Every structure is written in C-alpha cells, then in structure tokens.
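Encoded as structure tokens, the structure appears first; notes follow it.
Index from 1, following the sequence. This structure is a prediction, so every number in the text was calculated from the model and none was measured.
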Amino acid sequence: MKVIAISGSGRSGSTLLSLLLSQDPQVFNLGQSRHLWRAWLADAPCTSGTTVQNSSVYSTLKTLDLLTMPAAEKAFLKDAARMKNWNDDAALSRLKSHHDAFLALTHIMLGRVADATGAHIFIDSSKAPEVALAFSLLPGVELYVLNLVRDPRAVATSWYRKKKSISQAIRNARDWPARQRRLDHWSLGERRLTLRYEDLAANPEASLDKVAAWADLPLPNTLFTAPARVKIDWDSQHLFPPANERVLAEKKTDVVIAPSTSWQHEKHRWLHAMARFFAGKEGREFYP
C-alpha cells in the first residue's frame, strides 16, 4: 500500500487537493485521518450520505475496539513531536514498540479500507508530519510526503477569519515554520515533494501532473474540462469533519480553480506582519 500524506498548514487548500488526487478508483481519500477515530466514535456525518459508522467503507471497523484510539493517537503524536531525530532507527524502534497497539489498529484500518474500496493508494490530508511518521512505521506501507505550502500571510489571515482569535492566529503562525523545520530534518529523499498553493492555483493541471509523476499516481483523463476547471466525482468520497466545512457542505462537482487574493487587503497588514515574523527564514525560503 502507498500513502501520500499531505503535510503543511491548515487553510492551504489540502481538502481540495485531496479530492483532486483521489478521483481514480485505485486511490482512496482518507481525509484528515488524525480525526477519524473521534469521528467514528461520534458517528459523525459522512459525505457518502450517511454517518461514518454506517458508510460502506468505515462500517468495516465495527468489529474493532476503537474506544481508546483517540487517546492512543494523541499520545503517539505527542511522543513523535518530542523526538528530536526522526532518522534515528533505534529511537523509531522504541517509538513503534511503545505505541504498537495504536499502530496495529491503524494498519488494520488501512487494510480494511483497501478491501472495501479496492484501492491501494491512500491520500491523507492530516497535514501534521507526525501523522505521516505513523504511516511510515506501518509494515508494507510506502510513504510519500507532499509538502503543501501557502504564503504564511494568507494562512494567518484565513485562520483569523475563521477563528476570530488572536491567540489562535499566533499558534498557527508558529506551527507554519515548525512543520517546515521538521520536514527539512527528516530524510525522505525523493519521497518528499514541495508544492506551493499559489502554483497549484495558478496552474492546476501542470501541478497535478507533477505530483502524479512523482508518486506514480493515476489521474483520470476526464478530470480537467478546461485548463483551470475540474469535474469532481463524490461517489467514492467518505469525508468527515473537520475537513473544510464549505467544501463538504457544497460538494461541488464543477470547480473552477483560481488563486485567492482577498487576504491581501490592507486591513490585514497586522496579520501579515505577525505571520512573516513567526515564519522566519523558512517563510522567506518559499516567499522571499
């Protein structure tokens, strides 16, 4: 099995990107799998038209004891974040051993989803590098990390519009470079690719072709109906909150992809200054 983990910051177009990359029957969109366990236990609504527990894909998990999975995942992510070196095989072995129950159930979940869908490639849009690390520790799983970056000023503005919280905006601004540093120090070689949101929005067809060639990912020939217009099939999508609420609510099948520029308004200059300050050299690397 192959997992393509979209890493980076929220409000960067990861939900749309995951939809675009999972239009072939061989590919299944896991969405933000880091929230799957809570969504499953809460029986949250699913874009398949039912709830998560009753969807044709995730209903296969009913025979598993998942009550402890949210806490187990939280513990894994916390320990992974504390690790200084993800290239240390001995440290990774200890991490794997300490969280073997969580990793085992995650591996079973992937296997059952594969059986239910016939897919062998999975797209994960959790964005946290620690989730990608969990997939890399599963037997028989080939991990690719797609580093999706967006201008930190745009990310900060989008988060503030959504949360209306200065403290939350600051936390998210600090996360932006932290995740980039983590990926920079993780030796993934050719299994890591960086994609700028701005390039995806300006030239989506070329951007998706680049991703497909990098990860040997099948894309349907009918995906693009025009250079920046796509046809999205929702029949095989089983997404759940908190993926982008507007995308899930609208479930558009005809989507025009275009850069978002509203964040550039002068009234947001204080957010822009804050975001650039926290983004530091990592931000200047991508957005000089």
Side-chain angles (χ1 to χ4, degrees), residues 1-9 14 18 21-22 27-41 57-58 60-61 63-117 119-148 175 178-194 211 214-217:
M1 295 184 286
K2 180 187 297 183
V3 174
I4 301 171
I6 300 174
S7 190
S9 299
S14 59
S18 70
L21 296 177
S22 59
V27 187
F28 181 76
N29 188 3
L30 293 170
Q32 298 187 55
S33 69
R34 65 179 299 183
H35 299 293
L36 170 61
W37 312 111
R38 287 195 296 271
W40 199 93
L41 291 172
V57 172
Y58 294 117
T60 60
L61 304 181
T63 60
L64 302 177
D65 182 6
L66 303 178
L67 289 176
T68 62
M69 283 301 282
E73 180 177 58
K74 184 178 180 180
F76 173 87
L77 297 180
K78 186 176 181 179
D79 285 350
R82 286 175 173 173
M83 282 184 60
K84 293 183 178 180
N85 184 5
W86 285 4
N87 304 307
D88 184 337
D89 290 338
L92 289 174
S93 180
R94 290 192 296 270
L95 180 72
K96 184 176 180 180
S97 176
H98 187 64
H99 297 279
D100 57 343
F102 162 70
L103 293 171
L105 280 175
T106 301
H107 191 248
I108 291 172
M109 178 273 291
L110 271 184
R112 293 196 179 182
V113 170
D115 291 341
T117 63
H120 62 92
I121 303 173
F122 301 91
I123 309 296
D124 174 79
S125 57
S126 295
K127 293 173 287 298
E130 293 78 13
V131 175
L133 180 66
F135 284 120
S136 76
L137 297 176
L138 303 183
V141 171
E142 186 179 17
L143 175 71
Y144 287 73
V145 174
L146 180 55
N147 181 29
L148 178 64
D175 280 347
R179 290 182 175 180
Q180 293 306 311
R181 286 193 295 270
R182 174 60 82 181
L183 293 179
D184 285 343
H185 296 151
W186 191 12
S187 299
L188 292 168
E190 295 182 354
R191 290 183 292 113
R192 174 190 167 192
L193 177 71
T194 296
V211 173
W214 161 69
D216 193 19
L217 179 73

Can you list the steps and then say if Leu110 with Val3 is a side-chain contact (heavy atoms from CB on, under 4.5 Å)?
CA-CA 10 Å; Leu110 271 184; Val3 174; 4.1 Å; yes

Checking Arg192 against Asp184 for the salt bridge (Lys or Arg N to Asp or Glu O under 4.0 Å) test, could you report, in this order, the C-alpha distance in whole Å, the side-chain angles of both residues, the deciding distance, and whether it holds?
CA-CA 10 Å; Arg192 174 190 167 192; Asp184 285 343; 3.0 Å; yes

Kindly indicate, with the supporting measurements, whether the criterion ring-ring contact (aromatic ring centres under 6.0 Å, His included) is fulfilled by Tyr144 and Trp214.
CA-CA 9 Å; Tyr144 287 73; Trp214 161 69; 5.3 Å; yes

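Atoms CD and CD1, on Glu142 and Ile4 in that order, are 9.5 Å from each other to the nearest 0.5 Å. In this structure, CZ on Phe135 lies 10.5 Å from CG on Leu103, to the nearest 0.5 angstrom. Atom OG of Ser7 sits about 9.5 Å away from atom CG of Asp124, to the nearest 0.5 Å. The distance from the CG atom of Asp79 to the CZ atom of Arg94 is 11.5 Å, given to the nearest 0.5 Å. Annotation: the span from Arg181 atom CZ to His185 atom NE2 amounts to 8.0 Å, rounded to 0.5 Å.
Closest heavy-atom contact between Ser136 and Leu143: CB-CD2, 3.6 Å. Closest approach of Thr60 and Arg112 over heavy atoms only: O-NH1, 2.7 Å. Counting all heavy atoms, side chain and backbone alike, Asn87 lies closest to Ser187 at OD1-N, 2.8 Å. Between Phe122 and Ala114, the closest heavy-atom pair is CZ-CB, 3.8 Å. Of all non-hydrogen atoms in Leu41 and Leu66, the two that sit nearest each other are CD1-O, 3.6 Å. Taking both residues in full, the closest heavy atoms of Phe102 and Ala134 are given as CE2-CB, 4.3 Å, listed atom of the first, atom of the second, then distance.
Taking a cutoff of 4.0 Å between a charged side-chain nitrogen and a carboxylate oxygen, Lys96 and Asp89 do not qualify as a salt bridge.
Looking at Met109 and Leu30, their side chains come closer than 4.5 Å, going by heavy atoms from C-beta outward. Under the 4.5 Å side-chain criterion, counting only non-hydrogen atoms from C-beta, Arg179 is not in contact with Asn147. Here the side chains of His99 and Leu137 are not in contact, with every heavy-atom distance at 4.5 Å or above. By the 4.5 Å heavy-atom criterion applied to side chains, Thr106 and Trp37 are counted as neighbours. Between Val145 and Pro129, the closest side-chain pair of non-hydrogen atoms is not below 4.5 Å. Between Lys74 and Arg38, the closest side-chain pair of non-hydrogen atoms is not below 4.5 Å. Using a 4.5 Å cut-off on side-chain heavy atoms (C-beta onward), Val27 and Leu21 make no contact. Side-chain contact between Met83 and Leu92: present, with at least one pair of heavy atoms (C-beta onward) separated by less than 4.5 Å.
A donor-acceptor distance shorter than 3.5 angstrom exists from the side chain of Ser126 to the backbone of Ser33, with no hydrogens or angles considered. Between the side chain of Ser125 and the main chain of Gly31, a donor-acceptor pair closer than 3.5 Å is present. Side-chain N or O atoms of Trp86 include none that pairs as donor or acceptor with a backbone N or O of Leu133 at under 3.5 Å. Of the possible polar contacts, none joining the Arg34 side chain to the Lys127 backbone as a donor-acceptor pair under 3.5 Å is found.
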